[in-house]
Every structure is written in C-alpha cells, then in structure tokens.
There are 2 protein chains.
Amino acid sequence: MVRMKDVAKASGVSVATVSNALSGNKYVSSELREKIFKTIESMGYKPSKIARSLKIKRTFIVGLIIPDVTNPYFAEIARGVEDVLLGHDYQMFLCNTDGNKRRERAAIDSLISQHVEGIINVAPRSGDKDLAEFVGQLPMVVMDRDMDDVSPYFDSVYTDNYTASAKLAEHFLRLGHKSFACLAGPDDVPIARRRLQGFIDKLEEERIDRKSTVVLKGTFQFESGYELMKHVLKRTPRPSAVFAANDLMAWGAVEAAKEKGLKIPDDVAIAGFDNIYFSEFIVPALTTFHQPKFEAGQIAMRRLMEKIEKKNKRLNLEAKRVILEGRLIVRESTQSF
Amino acid sequence: MVRMKDVAKASGVSVATVSNALSGNKYVSSELREKIFKTIESMGYKPSKIARSLKIKRTFIVGLIIPDVTNPYFAEIARGVEDVLLGHDYQMFLCNTDGNKRRERAAIDSLISQHVEGIINVAPRSGDKDLAEFVGQLPMVVMDRDMDDVSPYFDSVYTDNYTASAKLAEHFLRLGHKSFACLAGPDDVPIARRRLQGFIDKLEEERIDRKSTVVLKGTFQFESGYELMKHVLKRTPRPSAVFAANDLMAWGAVEAAKEKGLKIPDDVAIAGFDNIYFSEFIVPALTTFHQPKFEAGQIAMRRLMEKIEKKNKRLNLEAKRVILEGRLIVRESTQSF
DNA sequence: CTCCACTGGTAAATCGATTAACTAGATGAT
DNA sequence: ATCATCTAGTTAATCGATTTACCAGTGGAG
C-alpha cells in the first residue's frame, strides 16, 4: 500500500506539503502541486480515509436502521436517504432489525463504535428511555414514530397517522359502510396504535356501534393480513369494510377474500396504508393513504446533515418535528368505477 | 470521549494491559481484569474501531453494490448478505447504482478508499476490463453475471439463465403456444442476453418459425414491461405467449393486458423470471423461474468471507463459480387450474 | 547459591493521515 | 540599515488503538 509518505519522498517534499496540495488548506506553488499530483497518479496513491478519520474525528458515514429492506415501504425511504447522501460524499451503513428490540440496540451500539456521524432510525421498537440513553452521543433522526415523547430528545419525521386513518374511516362512512374490521399492527408500535385509534375514534364520532367493529392485531406483514382476514371472514355477520394497518396487510386481506370467492369491493371493501409502489397495480388496486416515502427519507437525511454540521460547530440544534403531508388515494378496492 | 488511556489511568494500569484484558491476547490476572472491566463499565468506554482499524489494517466492513434496493429481487439478496454478516460482526455499506456504470465505478472507488475488506457486486454493468482493474486490490464476488469472462478474475454466483429460460420456453410449447413475444432486458446486460437467447434457441430447436416471435428490449422495470406490452398488443396477429425478462416486467405486461380487457392466460399467457416475493400474490399469480435470492446472498457472502480470511493469511484462493439451482414455477398466468 | 525459565506487566513504536508551530528567505516601510 | 510582514515550505505532535521488546519478580533445578 502506498502512503502519503511515499508520495512525499518520491516528489521530494514533506508529507505536509502533499497533504496541503491535496486539501488546498494551505497554498502550494503550482509547480510543486503539479509534480505531486503526477506522482500520486503514477503511484496509484489513494488516501486512507481511516487515518484521516482518526485524526479529524469525522467519518462521513451515517447509519440507517430499518426493520426490513425487503419491505417496499422501507426500501423507498432508504433510497431517499441515499439520494441526499450521494451529493455529500457520505456512505451509509444499512442495518435491518426485523422489528427486534435487541437487534436495534445492537445496531445502534455497533454504529456508534464505528463512529457514524448520525443515525436515521426508522420505526424504532425501542422505548423512549432506551433511546434517551443516546441523546448527546450523536445526532439521530427518528422516522415513523409519532409520539410526542421522543421529540424532546431527537428530531422526528412522520405522518400524522391519527388524522390519516380518520380520513380512511370517513371514506368508508361516506360509502355507507356500517360494520368494520381493523387489521391492526403490533400493539407496542406507536404508529400502529395511532392508526387504529384514528380510525376507531372517527367511527365513534359518527355514532357507529362499537360492537360492530372487530379489531385484530397483527405484524404489518402480508401473511399476517392474510391470516387475520381469514378469521374475520369466519364471523357472522361479516364486516363490509376492512381497514388494514398497512398495504402489505391489506394485500394479504385481499388475497384471503379472493380465496373465499368474495368480490372486492362489493362483498367486502378493503383499504390499506402507505401507498407502496405496488398497491397501484395489484387487483383490485388498493385504496390507501399515501405517504411520501422517498421524500421523507430525503427530508430526514437533510435534517440529519444539518444536525451534523451544527454539532461540528459546537452549536446546539433544537429537536424538531416534521409532520409530512400525505393524502387519501381512492382506488378499486373500496369503490367501483 | 473516553479513551483507553483514560481507562488505564483510572484503573492504575498501562494501556497495554487494558488492551490485553479486552482482547485476551495476553494473560491478565483475573483481579486486574475485573477492575478494568468495572472502570470500563462505569466510564462508559467504547473502543474506537477507527483507531483499531488503522493499526490492525482490518475494518470488518464489506460493500454491497446493487442496482436498486427498491427492486424486491435485490432487496432479498441484500438480506441474505446481511444474514451472514450478522453472525460475523461485520458492517455493510449499501450502494445503489441504478444500473449506471459511472455510479458503479464511483461506488467501488469510494468503498476501496473506505478500506472495505471485500465487495459483493450484483448485476454489474461494468465491462470485464473495468472490473479487471480491481483484481488483487480486494476480494470481490460478482452476482448475476453469468459470463465466463469475469470468472477468471472474480468469484461469481448466478443462475444458469440460458437453461432456465429454455425451460420456460418448453413450458409454453407444451401448452401448445405457437407465437411469442419476448420482453427482454437491456442489451448490454449479460443475463438479459442469456435469458433471451435461451428462450429463442429452444423455440428454434422446436422448429418454431422465427418470424412469429417478437423481441422488444426494455429496462427490467415495471413500467418498461407495461409499455412494451402495449406495443405487443397492437400487433396482428397477437402473440399468444409473452416471456418477460423478469417478474417486474411480466407484471407490467399483465397490467397492460388487463387494461385491454384480455383474459390471462386464455387470451394471452405471460411468464416472468426471478419469482420475487409478490409474484405469488398478484392476480393472476405469475408463472416464473424461481431464483433462490436470499440463499444466493448468503452463498456469495460466505464465499467473500472465505476470500477475506484467505487473503489475510496471504493465501490465494482461486476464483470459483457457483451455479445456483432454480426451478420452474407454474402458476395461473400461463395455465388455468 | 546461581542460573534459567516463566509470569504478569509496562514502555514505546507504530498505523497514515492532519495541522499547529516554526523557519528561511524575500519584500517593503520607515 | 532595521524591523515587520509575507510566502512557501518543514518539523513534529497528535488522533486512539495494537503489539513488540523489555523488565522485575518468583520458583525450581542443579
């Protein structure tokens, strides 16, 4: 491996001069600079980012923690994050947690000892106290966690899930539905609770009998939606409208309904949440609440970048919340056209 | 930040002893060891991987280069790679290239200067000569590139695309189809050429008139399949069977056909390639050639790990090719049940 | 009683960069 | 002529670990 020292010797200058020529931090005569660049080229010298990082205490690396890249929702966020990174010459460590608290914790620890400059933590399962432990250790932006209690510590970027699912409820009510099933997410995930609550509250507000609403808890995965829907379809009377906590579950529900020979939306209407890429194309196309995933990733990463800059200037940046604008998207799974 | 030096001072020993206690490389009396661990705990010391890397010349980081995580096919490979990594306490840099040669090149350069220990390069667009430049610089495993010419340089893991698509052709022929359309991948992607060739050759072998086969080139993306299919459906006579170069394109083709009010598979049969997770669930479920994506990621990563180990022992490991076993999966998009 | 091997620990060099402090020479103002 | 300033470079300390070479003390063999 060729080091800066070797380049210096070969071009008859000191390492300091090579370093200055490279960084432009101090003036180096164009004569020498040219000479140096030539030997760098000919020797195939590549500066060691490791050594550099050790000295300047910066790595230009961030960590992205998500439950699962295989989930199109998270994959799109990841692309948004990367999009911003690319322009800044940063690298990204990717960690999947499978929604496992222990793995999430391990990921954060590992990222910290790798000296990442910041972390984007998507849909964390860790409690606020767990996260609070890392306050001050490094900048972190939390996504998809719309509880107030994290915000004092870290920045957050998310959709107002409560209002969003209320809109879905409204949509169902407008269509005249009177009996409902909710395929909810895990109880310990804040956004899952919010989505459920927003939906339920709206129904109550409109004086729908609470007993006419079935609530089942699942895991945000396709299989989960499929299984829960099979249970729902065994009930009599059968609910006429099903709200799934995300598109993957809605999709599973659709499959279960089709298997039973039910017509969607006539026999049963189904809506999801997220508007993942594929929801437009499955049959029937899914009614859902659109979340700007790519943009959310960008926003979160830009915010993280700001925090990193500020931190390096020893400035403190107050924690901030960004509430994303989403929108209801009505498609064939709830309404015939 | 608390350094090893601080821990040493606080426990009244030298840094060497702390280091030895931590690594177990040299014997440290249990008395001291305990004391050291206690102060480490109380001071919240976390060893700097940067400093360690600089000294021992290892980073325990690998790079994964893929066209796009948003594509479920690559996402699954990524999970397979990560699965192996996790057991070895490695971290992974993720780079998306969007199939862009320049970005791929930039990714490799960046990864090298980050001192990754190896790279898994999935479906590279770079030519063999481009890649050859990195031979000897670091271990690399190439995936989804089934050309012989890369193999002398780097390990590779892939499916025998030629034989696989021949099987799909056979399947169509068995069903009695006589006129075909191929929605192929980009011409400069080796596996795209192989898939096309395998299909075409099998047709010829069975004396299908070449003129009855339409070949259109696309981009492996949903939209591309959709657009190409629209062109195909304008032709008279309309082909009765469509082979798309991957599931995403097949899916797009399905949508285009449905839009025209065509029945699948009766009016037109459609098959894809890859068997991505969702292909089982779309309607009609897709006939496709299954590739073991997660397992392929695991295999590639295990192989890379071997190469890294060998390299660190100054041993040379010959380049090797792993041909994966896939299988034909027949579903409703080609055959009514 | 000496010598040697062994044990448990330390001092200091090292990895490859950055950068503060310094220097030698040139230029300019008074 | 003297001193301050500027220019273009160098020397050496530093980042935070690992590891080689060394040392002091102990115990056993001869």
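Every heavy atom of this structure was used, including side-chain atoms; hydrogens, water molecules and symmetry mates were not. Order of the sequence lines fixes the chain letters, A, B, ..., with proteins taken first and strands second; residue numbering starts at 1 for each chain.
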Polar atom pairs between nucleotides 24-27 of chain D and protein, under 3.5 Å, N or O only, would you list them?
none

Please list all pairs passing the side chain to side chain donor-acceptor pair (under 3.5 Å) test where one or both residues lie in residues 130-139 of chain B, with sequence neighbours left out.
B/Arg105-B/Glu133

Is a side-chain donor or acceptor of [X] paired with a backbone partner of [Y] at a separation under 3.5 angstrom?
X	Y	answer
A/Asp98	A/Asn100	no
B/Asn20	B/Ala16	yes
B/Ser156	B/Met143	no
A/Arg103	A/Asn96	yes
B/Asp6	B/Arg3	yes
B/Glu117	B/Phe60	yes
A/Ser19	A/Val15	no
B/Asp83	B/Arg79	no

Using a cut-off of less than 4.0 Å, is there contact between a side-chain N or O of [X] and OP1 or OP2 of [N]?
X	N	answer
B/Arg52	D/dA17	no
B/Ser29	C/dG9	yes
B/Ser19	D/dT18	yes

Which whole-number value in Å describes the distance from [X] [atom1] to [N] [atom2]?
X	N	atom1	atom2	result
B/Leu22	D/dG16	CG	C1'	13 Å
B/Asn25	D/dA17	CG	P	15 Å
A/Tyr27	D/dT7	OH	C1'	10 Å
B/Arg3	D/dT18	CZ	C1'	16 Å
B/Met1	D/dT14	CE	C1'	15 Å
B/Lys9	C/dG9	NZ	P	20 Å
B/Met4	D/dT18	CE	C1'	8 Å

Hydrogens and angles aside, do [X] and [Y] bring a side-chain donor and acceptor to less than 3.5 Å of each other?
X	Y	answer
B/Ser42	B/Thr39	no
B/Ser110	A/Gln91	yes
A/Gln221	A/Thr219	yes

Using a cut-off of strictly less than 4.0 Å between a heavy atom of the residue and any atom of DNA chain D, enumerate the qualifying residues of residues 33-51 of chain B by number.
B/Tyr45, B/Lys46, B/Pro47, B/Ser48, B/Ala51

Residue-level proximity of residues 54-63 of chain A to DNA chain D when a heavy atom falls under 4.0 Å
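A/Leu54, A/Lys55, A/Lys57 - these, ordered by number, are the residues of the stretch whose heavy atoms sit under 4.0 Å from the strand.
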
Can you pull every protein N or O that's under 3.5 Å from an N or O on nucleotides 20-28 of chain C?
residue	atom	partner	partner atom	Å
C/dA21	N6	A/Lys26	NZ	3.3

Residues which pass ring pair (Phe, Tyr, Trp, His ring centres under 6.0 Å) with B/Phe93, listed by chain and number, not counting sequence neighbours:
A/Phe93

If the test is salt bridge (Lys or Arg N to Asp or Glu O under 4.0 Å), which one of B/Lys310, B/Lys307, B/Arg321 qualifies with B/Asp155?
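Between B/Asp155 and the candidates, salt bridge (Lys or Arg N to Asp or Glu O under 4.0 Å) is satisfied uniquely by B/Lys307.
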
